[in-house]
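Here is the structure we will look at.
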Amino acid sequence: MNYIHDTIAHLKQTSPAQCEFYQAVEEVLESLEPILENSADYQKNAIIQRLVEPERQIMFRVPWVDDEGNIHVNKGYRIEFNSSLGPYKGGLRFHPSVNASIIKFLGFEQIFKNALTGLPIGGGKGGANFDPKGRSDSEIMRFCQSFINELYRHIGPTTDVPAGDIGVGAREIGYMFGQYKRLTGRYDGAFTGKSLLWGGSLARKEATGYGAVYFANYMLQDNDDSLKGKRCLVSGAGNVAIYAMEKLYQLEATPITCSDSSGTLYHESGIDVALVKKLKEGARESLVVYLETHSDAKYIACADYPSDGHAVWRFVADAAFPCATQNELTEADARTLISNGCILVCEGANMPSTKEAVDVLLAAKIAYGPGKAANAGGVATSQLEMAQNASMQMWTFEEVDTKLQQIMKNIFDTASNTAAEFDQPGNLVLGANIAAFRRVADAMIEQGVV
């Protein structure tokens with residue numbers, strides 16, 4: 001419809017050269033056509049024009065000194081996208097690929113993901129084009145402190161609450177929180193993903209991976225099936241992938257792949273998750289080291305990947321869990337998965353499938369869980385951490401995990417019921433987008449033109 005087309009065209013004109021952002025916006029807006037056609041209020045209140053523009057964009061330099069005394073300068077970002085449902089909430093990503101387009105696409109997705117949880121949190125995202133790989137703890141500490149020297153003035157427990165993402169774990173959160181506390185003189189819940197020693201939540205580290213697997217199981221249960229006995233392809237080797245694999249084993253499925261920035265690991269008898277944890281959470285080693293103790297496994301280096309996709313998706317399996325990064329599953333990958341008998345794709349990462357891949361998966365009518373629904377367990381548990389901080393309590397792992405399972409069930413039910421409401425049963429992309437949009441848009445209308 002012209003309303004959507006004109007909004008996207010204007011966005012491309014005013015925010016040039018931001019391809020990942022355009023991709024995220026187009027995916028959402030195109031699926032909203034059924035609800036926009038039947039509701040004049042959304043057009044009258046210019047909801048989508050307002051929705052695609054962040055409320056605030058913060059960009060700043062981050063100067064820091066390495067261990068040899070050399071000065072480096074990186075770019076820092078915080079995109080505070082939409083606060084209609086609550087304080088901005090979303091992670092910080094430290095990776096050399098970070099730019100304005102990446103952060104804006106992540107922030108835009110975060111609006112809808114957070115809305116689907118049903119919790120009172122808005123959407124935001126941030127980060128820097130800093131690569132922590134190969135840097136000493138001292139260098140990472142100095143970078144984090146410099147980053148917060150600017151960001152501290154924009155965040156707080158009722159304003160904007162960052163968390164971790166790629167390249168940002170408990171170590172980085174600790175350094176940033178320490179500097180925030182020093183600058184503000186406050187000890188409050190301005191960050192989530194904190195250490196358990198000083199305000200973190202049990203099950204937070206596991207939540208995104210666990211949540212994606214819970215969501216996948218709910219999709220299968222809706223078709224009188226389950227993950228039990230399924231062989232699963234997983235990409236990534238960070239928190240999301242590791243704990244997705246851990247939960248797959250707990251539900252009697254078998255993960256047979258994972259990957260890192262150097263290549264893909266395939267182990268037909270099942271990935272040794274304990275060893276992957278040791279390599280990635282402890283030693284920070286490449287997955288190729290896995291072969292030293294598992295000679296029956298196979299490692300495919302990035303240089304040997306197929307030209308049209310990713311090696312991790314080229315093995316026969318029942319289910320696929322993209323848990324690494326954006327656009328890692330191509331159209332060719334999607335076609336290969338389907339021809340190999342895959343019945344489910346559930347996204348643990350943000351926008352890991354290209355638009356063309358999504359079209360193939362939807363046309364095949366396999367169970368497909370889009371990231372904004374399937375990986376919302378991480379941010380949901382971050383909000384549970386905020387609730388614990390505000391009440392000065394610490395819940396047990398079982399309490400948090402039980403709440404996580406219920407949140408993921410509610411998200412699945414909401415997306416599924418909304419898809420059926422708009423005569424597209426099983427289309428969780430449409431269901432998730434419309435359900436999240438309706439919640440955010442209605443709140444924006446009630447709060448006026450702000």
Side-chain angles (χ1 to χ4, degrees), residues 58-79 90-99 102-103 106 124-155 160-184 187 189-201 204-205 208 236-243 260-262 276-287 289 324-325 349-350 378 382 385:
I58 305 156
M59 294 190 288
F60 51 97
R61 72 182 182 201
V62 187
W64 59 282
V65 181
D66 67 22
D67 289 342
E68 284 71 48
N70 301 307
I71 297 171
H72 301 263
V73 180
N74 289 96
K75 290 186 177 181
Y77 303 85
R78 187 66 181 173
I79 306 296
L92 297 170
R93 176 176 293 192
F94 291 170
H95 191 272
S97 67
V98 164
N99 56 36
I102 296 289
I103 296 301
L106 291 168
K125 204 75 178 184
N129 62 343
F130 168 74
D131 190 356
K133 286 186 178 179
R135 293 296 178 184
S136 69
D137 283 352
S138 295
E139 289 173 325
I140 290 171
M141 180 184 71
R142 289 194 290 274
F143 177 83
C144 289
Q145 289 174 340
S146 182
F147 184 83
I148 290 301
N149 283 345
E150 173 58 35
L151 191 63
Y152 85 93
R153 69 190 81 238
H154 305 289
I155 64 176
D160 184 353
V161 186
D165 193 81
I166 294 172
V168 177
R171 172 183 58 177
E172 290 77 16
I173 294 291
Y175 292 148
M176 287 188 281
F177 180 80
Q179 187 72 349
Y180 168 84
K181 180 166 60 75
R182 182 183 189 184
L183 292 168
T184 64
Y187 198 112
F191 287 85
T192 58
K194 301 185 292 296
S195 163
L196 296 176
L197 292 173
W198 43 274
S201 174
R204 174 60 190 93
K205 181 169 63 173
T208 307
N239 271 355
V240 182
I242 286 172
Y243 292 101
D260 61 13
S261 58
S262 300
V276 174
K277 279 187 186 180
K278 181 179 177 182
L279 293 175
K280 290 301 182 180
E281 295 184 341
R284 302 179 189 273
E285 297 270 11
S286 166
L287 285 175
V289 179
T325 191
N350 295 306
S382 280
E385 181 178 329

For the atom pair [atom1] ([X]) and [atom2] ([Y]), what is the distance rounded to the nearest 0.5 Å?
| X | Y | atom1 | atom2 | answer |
| --- | --- | --- | --- | --- |
| K205 | I242 | NZ | CD1 | 8.5 Å |
| F60 | N149 | CZ | CG | 10.0 Å |
| I166 | N350 | CD1 | CG | 8.0 Å |

Checklist line | Pairing residues for Q145 by the side-chain contact (heavy atoms from CB on, under 4.5 Å) criterion, not counting sequence neighbours | finding: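 In terms of side-chain contact (heavy atoms from CB on, under 4.5 Å), with neighbours along the sequence ignored, Q145 is linked to M141, Q179.
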Checklist entry - Can you list the residues that meet the side-chain contact (heavy atoms from CB on, under 4.5 Å) rule with L196, with sequence neighbours excluded? => result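 L196 satisfies side-chain contact (heavy atoms from CB on, under 4.5 Å) with L202, M394 only.
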If you define the side chain from C-beta out and look only at heavy atoms, does anything of [X] sit under 4.5 Å from [Y]?
| X | Y | answer |
| --- | --- | --- |
| V62 | F130 | no |
| L151 | M176 | no |
| I102 | N99 | yes |
| S286 | D260 | yes |

M59/I103 under side-chain contact (heavy atoms from CB on, under 4.5 Å): CA gap, chis, key distance, verdict | CA-CA 11 Å; M59 294 190 288; I103 296 301; over 6 Å; no
Partners meeting side-chain hydrogen bond (donor to acceptor under 3.5 Å, both in side chains) with [X] (sequence neighbours left out):
| X | value |
| --- | --- |
| K75 | none |
| S146 | none |
| K194 | E385, N389 |
| S201 | Q388 |

**Message:** To check you understand the geometry: which heavy-atom pair defines the closest contact between F147 and A128, and what is its length?
**Reply:**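 Closest approach of F147 to A128: CE1-CB, 4.0 Å.
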I173 and A163 have their tightest heavy-atom pair at CD1-C, 3.8 Å
Partner set under salt bridge (Lys or Arg N to Asp or Glu O under 4.0 Å) for [X], not counting sequence neighbours:
| X | answer |
| --- | --- |
| R153 | E150 |
| K181 | none |
| E281 | none |

Atom pairs and distances, side-chain donor-acceptor, residues 90-97, under 3.5 Å, sequence neighbours left out:
unit_1	atom_1	unit_2	atom_2	d
R93	NE	D165	OD2	2.6
R93	NH1	Q326	OE1	3.1
R93	NH2	D165	OD2	3.1
H95	ND1	S97	N	3.1
H95	ND1	S97	OG	2.8

Self-check item: Ring centers of F177, Y187 separated by less than 6.0 Å
Solution: yes
For residues 136-149, the salt bridge (charged side-chain N to carboxylate O under 4.0 Å, His left out) pairs (sequence neighbours left out) are D67-R142, R135-E139, D137-R171
- Query: Would you say the side-chain atoms of D160 and H154 include a donor-acceptor pair closer than 3.5 Å?
  - Reply: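 There is no such pair (donor and acceptor under 3.5 Å, judged by atom type) between the side chains of D160 and H154.
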Can you tell me which residue among I148, V65, N74 is in a side chain to side chain contact (heavy atoms under 4.5 Å, CB included) with F143?
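Single pass found, and it is N74.
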| Listed partners of Y180 passing ring-ring contact (aromatic ring centres under 6.0 Å, His included), at least two apart |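 Not a single residue meets the ring-ring contact (aromatic ring centres under 6.0 Å, His included) criterion with Y180.
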